[in-house]
S.K.: 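Here it is, the structure in full.
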Amino acid sequence: MTDSRFNVRFDAGQADCRWQKAWEEVRCFEADSTSDKPKSYVLEMFPYPSGRIHIGHVRNYTMGDVLARYKAMRGHEVLHPMGWDAFGMPAENAAMEKGVHPAGWTYDNIATMKGQLKQLGFALDWSREFATCDPEYYGHEQALFLDLYEAGLVYRRTSAVNWDPVDQTVLANEQVVDGRGWRSGALVEKRNLNQWFLKITHFAQDLLDGLGDLEGWPEKVRLMQENWIGKSTGLQFAFDLSNGEKLDVYTTRPDTIFGASFVAVAADHPLAQGVADGNAEAQAFIEKCREGGTTAAELETAEKLGFDTGITAKHPFSGADLPVYIANFVLMDYGTGAIMAVPGHDQRDFDFATKYGLPITRVIAANADEADAPLTEAEAGDGVCVNSDFLNGVSVADAKAEVIKRIEAAGSGEGKTVWRLRDWGVSRQRYWGTPIPFVHCGACGVVPVPKDQLPVKLPEDVDFSTPGNPLLRHPTWKHVDCPKCGGKAERETDTLDTFVNSSWYFLRFASQPADKPFDAAEVAQWMPVEQYIGGIEHAILHLLYARFWTRALAHCGLVDVQEPFASLFTQGMVTHETYSRKDGARETYFTPAEVDRSSDGAVLKADGEAVDIGKVIKMSKSKKNVVDPEDIIADYGADAVRWFMLSDSPPERDLPWSEAGIEGCGRFVQRLWRLFGQIGAGGAGADANQDVALERRLHQTIAAMAEDFEALAFNKAVARIYELTSAIEKAEYSASRSEAIRKLQLLVAPMMPHLAEEAWAINTHGQFGLIAEAAWPDVDEAMLVEDEVTIAVQHKGKLRDTLTVAKGLPKEELEALALSSEKVQRSIDGAEVRKVIVVPDRLVNIVT
RNA sequence: GCGGGCGUGGCGGAAUUGGUAGACGCCGGGGACUUAAAAUCCCCUGAUCCACGGAUCGUGCGGGUUCGAGUCCCGCCGCCCGCACCA
């Protein structure tokens, strides 16, 4: 009989709290490393504690949560942890702007955001929570950094960085907008600073090869990483110059060597510098090159410019004298900073040659007969060599090998592989980061801090009243005794890039002993992460760094995995239309809460006048098209919000937020609630009845949803729940119906855990524990097979009729049935039946 | 320029990988219940025509393969994302 508690509306506010507390009390989401169940490590990218949770977090963590809960129901021991990527610039900016301490600001934000996450009822193991700014965490990170140093994977060298002269700090490339500091607006300078580097290039080949095995990763991300690593193979060789010196160039097209008509070097190349000494014209040209803009648009439209040095280079085979130019399109930091230019087969060289009247020779053609075909643009395609002396008629591939062989034999060069990937500069001249655990001693040089002196803690009394690195001007912090000789020494004042923090946090989640970063054996229990979920914006940097760091630790013998993330899923953004008014040139935006939206427009609540409805774009504070998760949880409850996050849009695509949509979700929560109250409805009489069709539907749904969850196709799982719900509602009371409702509670449990717990508790009278710890329902395979099927009957490929017949009906019978259909006969209209195609259990197509 | 992805109703999207296009949700319309409202329930909802039985068209556009194409092939168009003077 219906429990009276189902007669009132489901009170999400109360139920959410009750069950969140219940889960916490029995610690049902704490992962046990010693469990002998199969292990599942489900991880979402941990958040930066910016202040408040935004809707993107909600979507990200809801997906991971459904998967984690589902895996647990399937009998897995699940590790689903949460922590904080807590170092970084915003904390220092807040310190400068509001006078708060970065630590206080960060931990306050963490407290707020943790509370918000808890309101969503995520099945997280909070016992493993940490923030990367905890001295304990960054102390272990310092230890790992020293291990990498020992292994030769850390070094220091001078390198050019983006220096903001106003803020007195280094900026990352993405913090430089149109050549100016994003915060100060000052023109960014290139400065040479002594910087710490990690040897990621040591693993370049390995990182590239590893991508091939990452079948659980989106092809797109693998490609992006491949491009980023940027392997190219070619030849590096030296030209003899007319001034008696040699010039190394690098080319990937040694096969086109006979087409070389000039040589070009970068403006920063030593040869260019040498020419500029005592040559004002050359000096001016180099200056001009440096001024050139750095933005994409400027580069695209930049004209090819060159300066003839007057020097010539001797072609290694033909002996011809090639002019040597300083050219603005040659990059100093790729290859050798100097190229042999082949205008016939490289568009940049072609443009340059055209401008300066240099020879353009075809040396590759589709076949030998087309050796003299004119070139109107550079041809980069395959073919055979022409106009190329000993290479004539040789294929591109063979010619490459042949030229490399001859150059190597002559001792003037060698085949070489060049990478786009650079070593990772990890120095930041900032306070709020992991101190690099080294000291500089006048006598001993750079000395690592002994591990027993870790962590090197950040000083707490810091001054943010002036720009620059507070560690550098701290009165006492940096003055220490040298660990080696005991003499006076200074601490390293650079801190580590925050990407280092996120390069190993998943290991610390898996295992957190006090005395070391992690325990290898325990890590082996969990790693690799079975499913990693996060934004596409981390496709390269974070994911590449984490792959590198894991390899580096394996290289040091600290872990036994190479690839940290077996599967990667990149979720789409949450979007919303914008509301604005144009006031002259200025556009004023309004939040959805300030606007009344109806099907025929939007008006501002304040004055009742219309506002413009703009494009549906990513939620952002500047466009004010945001909703606050806390508000919507308060209005609709956690389960309705979670349900919305999973509905409609495939998880990898953008999800448009809508008021109507969340209202629909809220209605559905209530609808399920009413249905959950109907177990046993109809009484004992109805209970004697069976409803095979409904049972079949139930088992099909269970099986299909399992597939959907495994594939993270939550939108499909949601649709199946709607379908099953409708089917149950329409069904006559029966034992089958009651059973279907019982199972429905389990099916929605991963997605709407609070509602499911509440109904489950009432319906089971608390006798079967928590639904969070219940098992996913079994599928009765026999029930998946339909005994009746609907057959489409087509005439000339168009649907004319459908037939409902017993499954497995022989072809002949199907054909006869189809032909006897009145609708089909009418369509055939006496024409001769020439052919009948019969696909058993599917369709009959009649051809006339 | 290079690389990748996508194009299906008013909207978000389904479609067993060549076999009934538009599941499911949202919006919209009509109705029931109610003094009224909320809540709830039922029906309709791709377009055009219609004798109300149905017919024709329809998955960005143009071709093709096939008994049959949203799905495969060729050629276009449009949008989105990433990288970008990488030799």
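Only a predicted model underlies this, so the values are computations on that prediction, with no experimental measurement involved. By convention in this document, chain letters (A, B, ...) are assigned in the order of the sequence lines, proteins followed by strands, and residues within each chain are numbered from 1.
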S.K.: Atom CD1 of A:I536 and atom C1' of B:C83: how far apart are they, to the nearest Å?
M.R.: 13 Å
S.K.: Working note: A:R800 + A:K798, criterion side chain to side chain contact (heavy atoms under 4.5 Å, CB included); need CA distance, chi angles, decisive distance, verdict.
M.R.: CA-CA 6 Å; A:R800 298 297 162 179; A:K798 280 181 188 168; 3.6 Å; yes
S.K.: Ring centres under 6.0 Å, that's the criterion: do A:F352 and A:F329 meet it?
M.R.: yes
S.K.: Work out which heavy atom in A:R642 is nearest to a heavy atom in A:P750; give both atom names and the distance.
M.R.: NH2-O, 3.0 Å
S.K.: Is it the case that the ring center of A:F258 lies less than 6.0 angstrom away from the ring center of A:H315?
M.R.: yes
S.K.: Could you state the CD1-C1' distance from A:I721 to B:A14, rounded to the nearest angstrom?
M.R.: 16 Å
S.K.: What nucleotide among B:A87, B:U20, B:G53 has an atom nearest to a side-chain atom of A:T802?
M.R.: B:U20
S.K.: State the syn/anti category of B:G30 according to its glycosidic angle, syn meaning within 90° of 0.
M.R.: anti
S.K.: Is the distance between the ring centroids of A:Y325 and A:Y356 under 6.0 Å?
M.R.: yes
S.K.: Establish, from distance only, whether the side-chain atoms of A:Q225 and A:R547 form a donor-acceptor pair under 3.5 Å.
M.R.: yes
S.K.: Quick one: do A:E577 and A:R597 make a salt bridge, cutoff under 4.0 Å?
M.R.: yes
S.K.: Say we look at B:A84 and B:C76: how far apart would their C1' atoms be, to the nearest angstrom?
M.R.: 26 Å
S.K.: Any chance the side chains of A:Q678 and A:R737 put a donor and an acceptor closer than 3.5 Å?
M.R.: yes
S.K.: Please work out whether the ring planes of A:F709 and A:F714 are parallel, tilted or perpendicular, with thresholds of 30° and 60°.
M.R.: tilted
S.K.: Quick one: is B:C86 close enough that its OP1 or OP2 comes under 4.0 Å of any side-chain N or O from A:R253?
M.R.: no
S.K.: When you measure from every atom of RNA chain B, which of residues 640-651 of chain A have a heavy atom less than 4.0 Å away?
M.R.: A:D648, A:S649, A:P650
S.K.: Verify whether one side chain among A:T578 and A:N625 offers a donor that lies under 3.5 Å from an acceptor in the other.
M.R.: no
S.K.: Using atom P of each nucleotide, how far apart are B:U71 and B:U59 to the nearest Å?
M.R.: 9 Å
S.K.: Please report, rounded to the nearest Å, how far the C1' atom of B:C26 is from the CZ atom of A:R597.
M.R.: 12 Å
S.K.: Counting only heavy atoms not in A:K796, do more than 12 sit closer than 6.0 Å to its NZ atom?
M.R.: no
S.K.: Touch check for A:R422, heavy atoms < 4.0 angstrom, all strands: base, sugar-phosphate only, or nothing?
M.R.: nothing
S.K.: If you pin A:D349 and A:K796 to their nearest nucleotides in RNA chain B, which one's is more 5'?
M.R.: A:K796
S.K.: In this structure, are over 12 heavy atoms from other groups packed under 6.0 Å from A:Q205 atom CD?
M.R.: yes
S.K.: When the ring centroid of A:Y722 is compared with that of A:W643, is the distance short of 6.0 Å?
M.R.: yes
S.K.: Send over the distance from A:F350 CZ to B:C85 C1', rounded to a whole Å.
M.R.: 16 Å
S.K.: If I pick the C1' atom on B:G31 and the same atom on B:U20, what distance separates them, to the nearest angstrom?
M.R.: 31 Å
S.K.: For A:W673, is the NZ or CZ atom of A:R9 found under 6.0 angstrom from the centre of its six-membered ring and inside 45 degrees of the ring axis?
M.R.: no
S.K.: Please report the distance, rounded to the nearest Å, between CG in A:L843 and P in B:G19.
M.R.: 9 Å
S.K.: If we take the C1' atom in both B:G29 and B:G62, what is their distance in whole Å?
M.R.: 38 Å
S.K.: What's the closest nucleotide to the side chain of A:R842 if the choices are B:C67, B:A87, B:U16?
M.R.: B:U16
S.K.: Between A:H269 (NE2) and B:C86 (C1'), how many Å, whole number?
M.R.: 16 Å
S.K.: Can you tell me how far C1' of B:A39 sits from CG of A:N7, to the nearest Å?
M.R.: 14 Å
S.K.: Output a table of nitrogen or oxygen pairs between the protein and nucleotides 5-11 of chain B separated by less than 3.5 Å.
M.R.:
none

S.K.: Just checking, any donor-acceptor pair under 3.5 angstrom between side chains of A:S726 and A:R671?
M.R.: yes
S.K.: Kindly say whether the aromatic ring centers of A:F237 and A:F239 come within a distance under 6.0 Å.
M.R.: yes
S.K.: So which protein nitrogen or oxygen atoms get under 3.5 Å of nucleotides 40-44 of chain B's nitrogens or oxygens?
M.R.:
unit_1: B:U40; atom_1: O3'; unit_2: A:R674; atom_2: NH2; d: 3.3

S.K.: In whole Å, measure the gap between the P atoms of B:U45 and B:G25 for me.
M.R.: 14 Å
S.K.: As a test of reading the structure: which of B:G19, B:A21, B:C24 is closest to the side chain of A:E723, going by heavy atoms?
M.R.: B:C24
S.K.: Would you compute the distance between atom CE of A:M619 and atom CD1 of A:I617 and round it to the nearest 0.5 angstrom?
M.R.: 10.5 Å
S.K.: From the set B:C24, B:A87, B:U56, return the single nucleotide nearest to any side-chain atom of A:T252.
M.R.: B:A87
S.K.: Relative to the 5' end of RNA chain B, which residue comes earlier, A:T790 or A:M224, by the nucleotide with the nearest heavy atom?
M.R.: A:T790
S.K.: Which listed nucleotide (B:C85, B:C67, B:G3) is nearest to the side chain of A:F329?
M.R.: B:C85
S.K.: Side chain of A:L331 only, heavy atoms from C-beta on: which candidate in B:G4, B:A21, B:A87 is closest?
M.R.: B:A87
S.K.: Please give me every residue in residues 699-720 of chain A whose heavy atoms get under 4.0 Å of an atom in RNA chain B, ordered by residue number.
M.R.: A:N715, A:K716, A:A719
S.K.: Which value, in whole Å, describes the distance between the C1' atoms of nucleotides B:C24 and B:A14?
M.R.: 7 Å
S.K.: Look at all strands and tell whether A:Y722 reaches a base, only sugar-phosphate, or nothing, counting heavy atoms closer than 4.0 Å.
M.R.: sugar-phosphate
S.K.: Roughly how many Å apart are B:G13 and B:G19, using the C1' atom of each and rounding to a whole number?
M.R.: 22 Å
S.K.: Under 4.0 angstrom, heavy atoms only, what part of the nucleic acid is A:V793 near: base, sugar-phosphate, or nothing?
M.R.: nothing
S.K.: Counting Watson-Crick and G-U wobble pairs whose two distances are both under 3.5 Å, find the runs of 3 or more in a row that involve RNA chain B.
M.R.: B:1-7 with B:77-83, B:10-12 with B:24-26, B:28-32 with B:40-44, B:46-49 with B:54-57, B:60-64 with B:72-76
S.K.: Quickly, which of A:T256, A:T251, A:D255 forms a side chain to side chain donor-acceptor pair (under 3.5 Å) with A:R253? Name it, please.
M.R.: A:D255
S.K.: Between the side chains of A:D801 and A:S821, is a donor N or O closer than 3.5 angstrom to an acceptor N or O?
M.R.: yes
S.K.: What parts of residues 334-348 of chain A reach RNA chain B, counting only heavy atoms under 4.0 Å away?
M.R.: A:Y334, A:I339, A:R348
S.K.: Rounded to the nearest 0.5 Å, what separation is found between the CG atom of A:D333 and the CG atom of A:D268?
M.R.: 9.0 Å
S.K.: Mind checking the C1' distance from B:G9 to B:C80? Whole angstroms is fine.
M.R.: 22 Å
S.K.: Look up atom NE2 in A:H699 and atom CG in A:L724, then write down how far apart they are to the nearest 0.5 Å.
M.R.: 10.5 Å
S.K.: Using a cut-off of strictly less than 4.0 Å, decide whether A:K798 has a side-chain nitrogen or oxygen near OP1 or OP2 of B:C67.
M.R.: no
S.K.: Starting at CZ of A:F352 and ending at P of B:A87, how long is that distance when rounded to a whole Å?
M.R.: 18 Å
S.K.: Do A:Y636 and A:F644 have ring centroids that are under 6.0 Å from one another?
M.R.: no
